[in-house]
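Just so you know, ligand 1 is whichever comes first in the structure, and atom 1 is the first atom listed for that ligand.
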Amino acid sequence: TFVVTDNCIRCKYTDCVEVCPVDCFYEGPNFLVINPDECIDCALCEPECPANAIFSEDEIPAGQEEFLAINEELSGIWPNITEKKDPLPEYEKWDGVSGKIEYLER
Ligand code: SF4
Ligand code: F3S
């Protein structure tokens, strides 16, 4: 599966959802997740993310391993999203800030 990681938080560009052939992105207040049971590993979303927040589960950056479980958990709770929308208002300020998991809203 592919996994959405820390740098999506407070940016949420949503370019990723437009290319997913199985529509397996789910939306929270300031973050998106991928449902690992639905993802078919096509890799199309990875280069679409302006924040470089999407990784194969085998290539999750060190220290961000917990995002695999976070994607699994929250994709079972949050609603599906298939169409791009505007990023969050302060996306430019937050893109590239590390350790945003403390701001993750559920
Ligand atoms: Fe969707 Fe493919 Fe990305 Fe999986 S790897 S979330 S199937 S676009
Ligand atoms: Fe997040 Fe990147 Fe998609 S910032 S919403 S994973 S395009």
Exercise. Going through the distances and angles, do Ile54 and Phe25 end up as a side-chain contact (heavy atoms from CB on, under 4.5 Å)?
Worked result: CA-CA 12 Å; Ile54 303 176; Phe25 282 90; 4.2 Å; yes

For this session: Test Asp95 against Asn7 for side-chain contact (heavy atoms from CB on, under 4.5 Å), laying out the working first.
Result: CA-CA 6 Å; Asp95 190 350; Asn7 204 34; 2.8 Å; yes

For this session: Could you walk me through whether Cys24 and Cys39 pass the side-chain contact (heavy atoms from CB on, under 4.5 Å) test, one step at a time?
Result: CA-CA 6 Å; Cys24 65; Cys39 174; 4.0 Å; yes

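The heavy-atom pair separating Tyr13 from Pro87 by the smallest distance is CA-CB, 4.0 Å. The minimum heavy-atom distance between Asn71 and Val33, with the atom names listed, is OD1-CA, 3.5 Å.
Every protein residue with a heavy atom nearer than 4.0 Å to ligand 1 is included here: Phe2, Cys20, Pro21, Val22, Cys24, Phe25, Ile34, Cys39, Ile40, Cys42, Ala43, Cys45.
Residues Phe55 and Cys49 are not in side-chain contact: their nearest non-hydrogen atoms beyond the backbone lie 4.5 Å or more apart.
The count of protein N, O or S atoms under 2.8 Å from atom 3 (Fe) of ligand 2 stands at 1, with waters excluded from the count.
In this structure a side-chain-to-backbone donor-acceptor pair under 3.5 Å is present from Asn30 to Glu105.
Glu73 and Arg106 are joined by a salt bridge, as a carboxylate oxygen and a charged side-chain nitrogen come within less than 4.0 angstrom of each other.
In summary, of the residues considered (Ile101, Asp6, Leu104), a side-chain contact (heavy atoms from CB on, under 4.5 Å) with Phe31 occurs for Leu104 alone.
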